[in-house]
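Order of appearance sets the numbers: ligands from 1, and atoms from 1 within every ligand.
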Amino acid sequence: MADTIYDVAIIGSGPAGYTAAIRAGQLGLKVALIESASVLGGTCLHVGCIPTKALLFNAELWDHLKHATDYGIDGVEGRALNWESVQKRKASIVTKHTKGLEFLMKKNKVTVISGYGKLTGAAKHPSDEDLSLGAPAKDGMHRIELAGAKGETSEVKAKNVILASGSEAKTMFGLKPDDRILTNIEILAVQQPPKSLIAIGAGAVGLEFSSIFRSFGTEVTLVEYLPRIAPFEDEEISKELTRVFKKRGIDVNTGAKVEKIEKTENGVKVTWVGANGKAVEKEAEKVLVAVGRAPRTENVGIEKTRIELDRGFVKVNETQETAEPGIYAIGDIVAGFPQLAHVGAMSGIVAVSKIAGRAFRAVRRDRIPACTYCDPQIGSAGLTEAQAKEKGYTVKVGKFPFAGNSKATIVGSHDGFVKIVADAQYGEILGVHIIGPQATELIAEAVAVMELEGTIDELMFTIHAHPTLAEAMLDAYAAVEGMAINA
Ligand SMILES: Cc1cc2nc3c(=O)[nH]c(=O)nc-3n(C[C@H](O)[C@H](O)[C@H](O)COP(=O)(O)OP(=O)(O)OC[C@H]3O[C@@H](n4cnc5c(N)ncnc54)[C@H](O)[C@@H]3O)c2cc1C
């Protein structure tokens with residue numbers, strides 16, 4: 001290994017790193033993928049996207065069974081939730097895809113290196129010879145110092161390096177997660193659904209776990225500092241989600257500043273100051289802290305390079321290259337990116353395409369689907385109505401409720417709507433905001449439409465199959481011109 005010079009060495013095997021590695025292999029680059037954990041896949045595969053979506057599917061089935069008699073299915077009244085089996089199924093899904101990744105690495109001739117990687121300094125210096133970072137490597141290669149699980153060290157040399165070290169859950173008041181104060185990691189491993197749960201933070205993670213455990217009968221309290229839940233979505237989405245969550249029995253608290261988290265004899269007590277300025281105390285069996293994720297950019301040798309940080313996140317240009325030539329950053333550590341697996345994956349594809357001298361399209365912030373897989377689901381892309389107006393567009397809005405969609409009636413899911421934000425002058429679609437059944441699947445059409453700069457005139461004549469939930473998209477496009485057929 002010591003004498004091998006890789007075209008690209010990637011630090012971190014989450015969705016950003018492994019996607020970059022596979023594409024690099026496909027492009028014929030000599031690639032090393034460095035991972036400190038015992039398995040490939042990162043947060044997404046082990047304690048993020050995949051296990052949560054597995055539990056959400058269990059929750060959805062369980063909710064359907066609650067209404068089984070409405071669908072003419074009798075005899076399931078005595079149903080019982082076997083949590084151990086739920087957990088086993090989740091684990092088997094994760095294992096299957098972990099093995100899948102190992103296979104893909106072999107298939108694409110990626111050298112997987114186990115160990116903790118750290119940049120050791122700049123490989124080259126710019127013409128002004130900035131020697132404050134130490135002497136440049138004579139061979140112009142980047143070097144990564146590698147520490148193995150048993151403390152053994154070695155070195156990896158590469159022409160290019162991609163940093164994909166990901167993120168980890170932020171905690172509050174310096175509290176360490178345990179069996180009662182949980183982050184996404186501990187909550188995924190609970191022995192039983194808790195009787196009561198306070199979720200602090202109403203972004204995707206807080207919303208999804210609130211939804212899962214509410215389905216399984218947990219008394220859920222959601223506490224959000226900002227004035228609304230799903231705070232980065234269009235305001236109407238937050239309003240509809242609040243309505244449905246309350247209908248589902250979730251206690252939703254917004255504008256709530258958490259002041260204290262204390263262990264009690266049987267659980268945890270959270271104190272917050274509510275929107276009305278009054279202090280509220282509530283006790284629950286468990287607390288989920290879901291207040292955002294910090295980039296893992298400490299202790300990877302960044303200080304020995306010219307890489308620039310913005311509040312801990314790495315600044316990059318549109319090729320994902322940092323201020324240190326030949327070092328790229330992708331995924332959750334990138335400044336200005338939403339922390340999503342598909343953003344990480346695409347940024348990895350961009351970086352290796354650049355390295356291989358291939359054509360690419362830079363990641364565009366306004367073409368990213370944002371999905372929250374709670375019940376009801378949210379799928380959105382592009383500008384919210386308020387953002388479009390702030391940017392100076394004269395907007396036209398079309399909104400179509402799932403209540404008017406026949407497939408939504410068939411699947412028994414009538415909450416929510418599709419909202420289209422379009423430019424009034426040319427009819428270009430600026431944003432699509434969906435809350436309701438399969439919103440996370442439906443949003444794919446909207447992203448494709450925006451990527452192709454589709455207009456309302458074109459989309460109103462795009463045939464959508466009947467009966468489908470996707471027809472709600474057609475009706476919403478037509479609603480922009482006040483001509484939805486089914487409302
Ligand atoms: C509960 C939860 C649910 C989520 N659900 C979704 C979802 O449904 N859809 C979605 O798009 N996103 C979801 N996300 C976000 C998604 O998981 C992240 O955006 C994604 O994992 C980021 O990928 P990444 O490759 O940048 O980093 P990570 O997945 O965090 O992977 C980084 C990897 O780098 C390794 N590493 C770090 N430092 C070093 C080092 N110095 N040397 C060697 N290895 C190192 C780590 O061990 C890790 O394996 C969810 C997140 C959470 C917490």
### Task
Let me see the working for Glu324 and Leu119 under side-chain contact (heavy atoms from CB on, under 4.5 Å), right down to the final yes or no.
CA-CA 11 Å; Glu324 179 70 55; Leu119 302 164; over 6 Å; no
Which residue and non-hydrogen atom of the protein lie closest to [atom], and at what distance in Å?
atom                    : result
atom 27 (O) of ligand 1 : Gly166 CA, 3.1 Å
atom 49 (O) of ligand 1 : Glu35 OE1, 2.7 Å
atom 40 (C) of ligand 1 : Ile11 CG2, 3.5 Å
atom 31 (O) of ligand 1 : Gly14 CA, 3.4 Å
atom 37 (C) of ligand 1 : Ser165 O, 3.2 Å
atom 19 (O) of ligand 1 : Asp332 OD1, 2.7 Å
atom 34 (O) of ligand 1 : Gly12 CA, 3.1 Å
atom 29 (O) of ligand 1 : Thr43 N, 3.0 Å

Backbone or side-chain N or O of [X] under 3.5 Å from ligand 1 N or O:
X      : value
Glu208 : no
Ala16  : yes
Ser36  : yes
Asn184 : no

State whether the number of non-hydrogen atoms from other residues, nucleotides or ligands found under 6.0 Å of [X] atom [atom1] is greater than 12.
X      : atom1 : value
Phe216 : CZ    : yes
Tyr225 : OH    : no
Lys30  : NZ    : no
Lys260 : NZ    : no
Gln191 : CD    : no
Lys239 : NZ    : no
Glu235 : CD    : no

With a cutoff of 4.0 Å, is [X] in contact with ligand 1, counting heavy atoms of the residue only?
X      : result
Glu168 : no
Val47  : yes
Gly117 : yes

Determine whether the side chain, the backbone, both or neither of [X] has a heavy atom under 4.0 Å from any heavy atom of ligand 1.
X      : result
Lys53  : side chain
Tyr373 : side chain
Thr52  : side chain
Cys371 : neither

Sub-4.0 Å atoms of ligand 1 with respect to non-hydrogen atoms of [X]:
X      : result
Gln339 : 15 (C), 19 (O)
Gly115 : 42 (N), 43 (C)
Gly331 : 26 (O)
Ile34  : 43 (C), 44 (N)
Ser13  : 33 (C), 34 (O)
His342 : 11 (O)
Cys44  : 17 (O), 21 (O), 29 (O)
Gly42  : 29 (O), 31 (O), 48 (C), 49 (O)

### Query
Heavy-atom distance to atom 11 (O) of ligand 1: which of Gly41, Ala341, Pro295 wins?
Ala341
### Query
Quick one: which of Gly48, Ala345, Cys49 has a heavy atom closest to atom 14 (N) of ligand 1?
Cys49
Verify the distance criterion only: is there a donor paired with an acceptor across the side chains of [X] and [Y] at less than 3.5 Å?
X      : Y      : result
Thr183 : Glu186 : yes
Thr120 : Glu145 : no
Thr322 : Arg306 : no

### Message
Applying side chain to side chain contact (heavy atoms under 4.5 Å, CB included), can you list everything that pairs with Phe313, at least two apart in sequence or on another chain?
### Response
Pro295, Ala335, Gln339
### Query
Can you name the closest pair of heavy atoms from Met450 and Ala381 and give their distance?
CE-CB, 3.3 Å
### Message
Is the shortest side-chain heavy-atom distance between Ser413 and Gln438 below 4.5 Å?
### Response
no
Would you list the atom pairs, donor with acceptor, under 3.5 Å between side chains in residues 96-107 and any protein atom, with sequence neighbours excluded?
residue: Thr98; atom: OG1; partner: Val94; partner atom: O; Å: 2.7

### Query
For the side chain of Gln377 and the backbone of Ala439, is there at least one donor-acceptor N/O pair under 3.5 Å apart?
yes
### SB check Asp7 Lys159 (cutoff 4.0 Å)
yes
